[in-house]
Amino acid sequence: MSVLADIQTPCARCRVEISGMAPYCRNCGYAQPAHEAEAAAARAAAEPSARAALLPTRPSPAALISLLVVVASILAATTPILVVRSVFFGPADSVHDYFEALADRDAGAAWRYVYAEGSGQAGPSPR
């Protein structure tokens, strides 16, 4: 629902106050072509358009560069950590050590890989 502002303007011929959106004067019947552009402008000003707010905007080059710098910084900080973790501290290392202890028939070492005493968690004992 839109509410249009009714602006009163004088008739071009008889000077009686009429609605700015009226195409003809109610007093003399004169067509109001000169007021059509003003009436259209008044309607446009009175009814805000939601379409302009919904149109996508293009980000500035500075915003894109700053986004690229942030993403590159995050990748530069996390990639080495993930690589070191996967190369040196992977789950395959613990499983390999556990089965190696079983192959050596060392039940105590194998048990320490399953249950670390005092920590309540599975894993190698800190001893």
Side-chain angles (χ1 to χ4, degrees):
M1 182 170 119
S2 67
V3 177
L4 297 177
D6 191 16
I7 300 171
Q8 297 292 322
T9 59
C11 172
R13 180 188 279 169
C14 68
R15 302 312 236 178
V16 172
E17 291 287 323
I18 60 171
S19 170
M21 294 181 285
Y24 299 99
C25 175
R26 70 180 186 294
N27 187 38
C28 66
Y30 182 73
Q32 305 292 313
H35 296 292
E36 183 58 36
E38 294 173 10
R43 283 192 297 271
E47 183 177 332
S49 175
R51 288 180 284 173
L54 298 177
L55 292 176
T57 58
R58 184 173 184 187
S60 68
L64 291 175
I65 290 172
S66 63
L67 176 66
L68 183 64
V69 167
V70 168
V71 168
S73 300
I74 291 171
L75 287 175
T78 57
T79 301
I81 295 169
L82 295 174
V83 168
V84 167
R85 237 181 109 188
S86 66
V87 169
F88 296 111
F89 303 108
D93 294 332
S94 297
V95 171
H96 180 266
D97 293 342
Y98 171 74
F99 282 112
E100 189 175 290
L102 287 179
D104 291 341
R105 296 186 179 270
D106 187 0
W111 179 251
R112 283 191 297 274
Y113 280 104
V114 174
Y115 182 78
E117 294 179 30
S119 70
Q121 296 183 9
S125 176
R127 294 186 228 167

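Owing to the predicted nature of the structure, the values given are computational and were not obtained by experimental measurement.
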What pairs of donor and acceptor atoms, side-chain ones from residues 78-87 against any protein atom, are under 3.5 angstrom apart with sequence neighbours left out?
from, atom 1, to, atom 2, distance (Å)
T78, OG1, I74, O, 2.9
T79, OG1, L75, O, 2.7
S86, OG, L82, O, 3.2
S86, OG, V83, O, 3.0

Which atom pairs, one a donor and one an acceptor, fall under 3.5 Å between side chains of residues 13-20 and the rest of the protein, sequence neighbours left out?
from, atom 1, to, atom 2, distance (Å)
R15, NH1, C11, O, 3.4
S19, OG, D6, OD1, 2.5
S19, OG, M21, N, 3.2

side-chain contact (heavy atoms from CB on, under 4.5 Å) with L102: which residues, sequence neighbours excluded? Y98, F99, A110
Check which hydrophobic residues are tied to L64 through side-chain heavy-atom contacts below 4.5 Å, counting indirect links as well, and list them. none
Test question: given the 4.5 Å side-chain rule for I, L, V, M, F, W and Y, name all other residues clustered with L68, or answer none. none
